[in-house]
Amino acid sequence: MNELIKITKPEIFNFQMCLKFLDRGYAECLYVVSNSSVKRLIRLTSGLALIEVYDDESNIIVKTSDKKLSSLDRKEIIAYVFDWFDLNRDIQAFYQLLLAHQQTKYFPERYHGLRLMGIVDLFEALCWCVIGQQINLTFAHKIKTRLVHKYGESEIVHGKTYYCFPKPEVLANLDRKELVAMQFSKQKINYVINIAQAFCQGQIDKTELLRLNKTEQMKKLTAIKGIGPWTANYVSMKCLRDMTCIAYGDTGLSSSLYKNFQTDKKPSHDVIDKVFEPYAGWESYLNFYLWRSLSPK
DNA sequence: ATCCAGGTTCGGG
DNA sequence: CCCGAACATGGA
């Protein structure tokens with residue numbers, strides 16, 4: 001018997017817009033998007049659970065696979081969806097800022113209700129950054145899929161297999177040869193294993209990081225080999241949900257600034273700061289929307 | 001063929 | 001502090 005969880009939609013929220021972002025053209029192995037819902041396997045304290053998220057007029061609806069949910073399960077599922085879709089945020093002020101500036105005033109209409117879609121799991125977020133470093137995203141998805149299919153937990157529902165991102169414990173003790181075979185570079189292998197070990201040793205933990213201020217978070221993250229300023233900002237934006245992140249040096253951000261703000265093709269740190277200045281407090285959202293504006297429709 | 005891709009680290013000036 | 005090189009391979 002399926003159980004439905006209903007979440008009232010916040011203001012300025014469009015489920016289809018979020019779905020379109022999730023399904024923007026890359027072969028993603030950690031969730032499955034159809035034209036009206038997204039399914040994904042998540043970890044709860046009690047074990048794995050497949051959730052399907054869709055909507056009606058006024059609610060976001062979460063359907064779970066046919067196991068009986070405890071109240072803790074339900075609480076964790078709701079927390080996950082809130083985090084993933086960034087539901088707990090009033091973005092009206094951001095939209096007003098977008099409208100107030102010539103270069104961004106087309107965003108509220110074109111992307112109305114798009115939320116900053118997150119990566120809830122910190123380890124997954126960090127590994128994804130390392131995987132995506134300096135290679136094209138199509139290839140990045142390809143090697144991520146190999147990793148997830150081989151080391152991630154999975155569950156078969158109605159004949160379809162769904163996957164979770166591998167746990168740090170599994171990746172921390174990997175034979176490097178296996179990753180070479182998946183076309184990871186030696187450098188990426190070192191970084192991934194190193195990050196996995198940092199998790200195993202309790203050196204990083206999402207809950208702990210959330211207690212720190214941003215400067216301390218960045219320091220803690222970049223202390224780990226493989227995590228540079230770009231990754232620290234990306235993760236801070238997509239996982240720790242800091243609203244003031246700018247992905248300096250990001251090639252996508254550069255080309256979006258070139259396109260939307262007529263900056264140089266590779267704007268300097270200072271120029272980027274100037275562009276973002278009027279949107280203070282919403283840098284992460286602006287950065288996200290700027291990325292979004294690069295995808296065709 | 002050539003250039004670049006959701007960068008990071010390391011060594012050297 | 002800033003700069004170039006190495007990493008490593010697919011896609012356009």
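Residue numbers begin at 1 in each chain, while the letters A, B, ... track the order of the sequences.
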- prompt: Quantified in whole Å, what is the C1' atom distance between nucleotide dG4(C) and nucleotide dG6(B)?
  reply: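 Going atom to atom, C1' in each nucleotide, I get 22 Å.
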- request: Using the C1' atoms only, state how far dC4(B) lies from dA6(C), rounded to an integer number of Å.
  value: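 dA6(C) and dC4(B) have their C1' atoms separated by 16 Å.
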task: Using a heavy-atom cut-off of under 4.0 Å over every strand shown, decide if Q183(A) touches base, sugar-phosphate, or nothing.
output: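 Sugar-phosphate, backbone atoms only, no base.
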query: With sugar-phosphate meaning primed atoms plus P, OP1 and OP2, does L253(A) contact a base, only sugar-phosphate, or nothing at under 4.0 Å between heavy atoms?
result: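 L253(A): no heavy atom of the nucleic acid under 4.0 Å.
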- prompt: Taking all non-hydrogen atoms of both residues, which atom of K9(A) and which atom of N59(A) are closest, and how far apart?
  reply: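 Where K9(A) meets N59(A) most closely, the heavy atoms are CE-O, 3.5 Å.
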Whole angstrom is fine here: how far is it from [atom1] in [X] over to [atom2] in [N]?
{"X": "L290(A)", "N": "dG6(B)", "atom1": "CG", "atom2": "P", "value": "16 Å"}
{"X": "N194(A)", "N": "dG7(B)", "atom1": "CG", "atom2": "P", "value": "20 Å"}
{"X": "L126(A)", "N": "dT8(B)", "atom1": "CG", "atom2": "C1'", "value": "14 Å"}
{"X": "K186(A)", "N": "dT9(B)", "atom1": "NZ", "atom2": "P", "value": "19 Å"}
{"X": "I143(A)", "N": "dG6(B)", "atom1": "CD1", "atom2": "P", "value": "13 Å"}
{"X": "Y248(A)", "N": "dG6(B)", "atom1": "OH", "atom2": "C1'", "value": "16 Å"}
{"X": "I195(A)", "N": "dT8(B)", "atom1": "CD1", "atom2": "P", "value": "10 Å"}
{"X": "W291(A)", "N": "dG6(B)", "atom1": "CH2", "atom2": "C1'", "value": "6 Å"}

- line: Between I135(A) and K142(A), the residue closer to the 5' end of DNA chain C by nearest nucleotide is I135(A)
message: It should be established whether T251(A) places a side-chain nitrogen or oxygen under 4.0 Å from OP1 or OP2 of nucleotide dG7(B).
response: yes
field: Short side-chain N/O contact to dT8(B) OP1/OP2 from T231(A), under 4.0 Å
entry: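 Result: yes.
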Determine whether a donor-acceptor pair (N or O, by modelled atom type, separation under 3.5 Å) exists between the side chain of [X] and the backbone of [Y].
{"X": "S154(A)", "Y": "Y163(A)", "value": "no"}
{"X": "D86(A)", "Y": "G118(A)", "value": "no"}
{"X": "N260(A)", "Y": "S256(A)", "value": "yes"}

- prompt: On a plain distance test, is the side chain of R24(A) in donor-acceptor contact with the base of dG6(B) below 3.5 Å?
  reply: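 Indeed there is one.
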field: R115(A) to W84(A), cation-pi by 6.0 Å centre distance and 45° axis angle
entry: no
Geometric cation-pi criterion, R110(A) with Y106(A): 6.0 Å, 45°: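 Geometry flag: not set, cation outside 6.0 Å or 45°.
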statement: Sorted by position of nearest nucleotide on DNA chain B, 5' first, the leading residue of I224(A) and G252(A) is G252(A)
- request: Please list all pairs passing the ring-ring contact (aromatic ring centres under 6.0 Å, His included) test where one or both residues lie in residues 180-203 of chain A, with sequence neighbours left out.
  value: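 Pairs touching residues 180-203 of chain A that pass the test: F123(A)-F199(A).
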query: chain A on DNA chain C: first and last contacting nucleotide, 5' to 3', under 4.0 Å to a heavy atom?
result: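 With heavy atoms of chain A under 4.0 Å away, the range is dC7(C) to dG11(C).
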